[in-house]
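Right, one structure below, let's go through it.
Please read these numbers as outputs of a predicted model, since none were measured by experiment. Each ligand, and each atom within it, is numbered from 1 in the order the structure gives.
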Amino acid sequence: MNRYFDHNATTPMSGIAKRAWLEATERHWHNPSSLYREAGFAKQKLEEARERLAALLGCDEAERIVFTSGATESNNALFASLTRTLPPGAVVAISAIEHPSVREAARFWFRDRVITIPVDEHGVVQVADVTAAIRRHEPALVSVMAASNESGALQRWREIAVVCREAGTLFHCDAAQWIGKMPCTGGREGFPLATWGRAERTEGVEESLGMCDIVTGSAHKFGGPKGCGFLLLPWREDTPLFFLRGGPQENDRRAGTENYPAIEGMVCALEEAQSRLGAAARLQTAHRDEFERAMRAAFPGLRIISEEAARLWNTSLLVMPRHENLKWLTRLTRRGFAISTGSACSSGKEGSSAVVRALGASEEELRRVVRVSCGPDHAPEDWHALAEAFVEAGRELDAGGRG
Ligand code: PLP
């Protein structure tokens, strides 16, 4: 039985990624910058991995990809780097539900020059609000995530990318939760769910993550190794973003010996995830919806965040009708289940869901938020067992059990 329901926090490494990592570690461990033959092979493999990743993201220029240690580094590096390249006084606009690695990095580097774009009652950023923010504040950059790590709500990044392009504003999309769960390229046809949101197809625009100026990704969210990710950057002379000095690696943008084995593992994991996501989406949406029905029946007053919005197929963000989230977590852990209180980075701090807060919840409600997020292989029995465990935990908590 699979009791791990915290895939939005991290995923186990896939078998394919592990084997690819091991082989790269054994055969191509040389420094890609060195000048002998073996190093040349490592460099070649590294550049092939960059090309493969660019193709997966729908990006024509592989040079736009800078490999990093993960999404937190990518997001921090972006805002730090922007303060050096944008004119003094430049403003940035971020959505109200961004991950702390966007929110806190933006605030740290831009201080009071950060505009917050609100979400609607479903936890979705409205394109009209982005347009209004651009008109009113003329931000140099807009940052809206692709899918919420907390509620799973899919954001309208394609339309926002177009709006930003027309306004001459840079668009950054933190796609750490989207990549590996949703298609990164192509139209909406061929994908079995109506999960593309209410957005109309944008005439003449190739719909891929490559259409965003800047994209953040992280390997461990889709079966790749931890400590590996990337940032897709604009390849433009006028945005000379760089992160680390000290060597010519990554086209002079991030110095330091590249972690080719992890990068190979990441790209293999994504190729695998992409090939499976249609089936995973179809099956897991059905299981997740059944779980939510069972939960609603067992817990009158339960609130399911972003229920009405198009959501990631693996995520369910619940506001329990009673008892604090840490009590639910403790009870479920004892039964072998791993779930979370909103976002991994904030679990331990009760009630810190940015999404539920943005929806106007009280502090007390915030303390009742739990998040369940599955992987591509969860069976209906796993979901039933999880609902059962909630029911048992609820009984114990209602009876006044400690812990
Ligand atoms: N951005 C989003 C949307 C995330 O969900 C996460 C992880 O939860 C991060 C950034 C940080 O990712 P990493 O662990 O790769 O630094």
Side-chain angles (χ1 to χ4, degrees), residues 4-13 17 53 65-80 94-108 117 119 123-125 143-155 157 160 171-182 184 209 212 214-232 243 254 259 262-263 265-267 269-270 273 305-306 311-312 314-317 338-349 352-356 358 369 371-375:
Y4 182 70
F5 279 91
D6 201 13
H7 275 251
N8 288 7
T10 195
T11 60
M13 234 170 119
L53 180 59
I65 294 172
V66 174
F67 291 118
T68 65
S69 68
T72 299
E73 179 192 321
S74 296
N75 292 339
N76 274 268
L78 171 64
F79 287 98
I94 68 170
S95 91
I97 56 166
E98 292 304 303
H99 187 270
S101 58
V102 166
R103 206 170 56 234
E104 290 178 25
R107 290 218 184 107
F108 182 83
I117 306 170
V119 286
V124 177
V125 176
S143 181
V144 177
M145 68 202 327
S148 163
N149 50 307
E150 296 182 56
S151 71
L154 304 183
Q155 305 299 326
W157 54 265
I160 297 173
F171 175 51
H172 168 234
C173 184
D174 178 349
Q177 294 293 343
W178 178 286
I179 296 170
K181 299 190 188 90
M182 298 293 291
C184 297
L209 276 173
C212 307
I214 305 162
V215 176
T216 294
S218 176
H220 74 103
K221 303 291 185 187
F222 51 79
K226 296 186 204 338
C228 182
F230 64 88
L231 195 58
L232 187 72
F243 310 149
R254 183 184 186 264
N259 187 352
I263 291 164
M266 167 168 73
V267 176
L270 185 53
I305 302 296
S306 299
R311 272 186 292 165
L312 291 174
N314 78 324
T315 307
S316 185
L317 187 66
I339 62 160
S340 114
T341 58
S343 75
C345 305
S346 53
S347 60
K349 279 188 264 156
S352 40
S353 164
V355 173
V356 187
V369 174
R371 183 189 66 190
V372 167
S373 52
C374 74

Please list, in number order, the atoms of ligand 1 under 4.0 Å from a heavy atom of [X].
X: Gly70; answer: 15 (O)
X: Ser218; answer: 13 (P), 15 (O)
X: Asn149; answer: 5 (O)
X: Gln177; answer: 4 (C), 5 (O)

*asked:* Nearest 0.5 angstrom please: Asp174 CG to Gln155 CD, how far?
replied: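 One gets 11.0 Å once the value is rounded to the nearest 0.5 Å.
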
*Give, for atom CD1 of Ile263 and atom SG of Cys228, the distance between the pair rounded to the nearest 0.5 Å.*
5.0 Å

*asked:* Below the 3.5 angstrom mark, is there an N/O of Ala9, backbone or side chain, next to an N/O of ligand 1?
replied: no

*Between Thr72 and ligand 1, does any nitrogen or oxygen pair lie at a separation below 3.5 Å?*
yes

In terms of side-chain heavy atoms, does [X] have a donor or acceptor partner in [Y] at a distance below 3.5 Å?
X: Thr315; Y: Ser373; answer: no
X: Asn75; Y: Ser101; answer: yes
X: His220; Y: Thr10; answer: yes
X: Ser151; Y: Ser306; answer: yes

*What part of Ser101, side chain, backbone, both or neither, has a heavy atom within less than 4.0 angstrom of ligand 1?*
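Within the 4.0 Å criterion, Ser101 contacts ligand 1 through side-chain atoms alone.
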
_Structural part of Lys226 in contact with ligand 1, heavy atom criterion under 4.0 angstrom_ =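 Neither part.
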
_Residue pair Ile97, Val119: steps toward the side-chain contact (heavy atoms from CB on, under 4.5 Å) verdict_ = CA-CA 8 Å; Ile97 56 166; Val119 286; 3.8 Å; yes

*Would you mind finding which of Glu150, Met145, Glu98, His220 brings a heavy atom closest to atom 13 (P) of ligand 1?*
His220

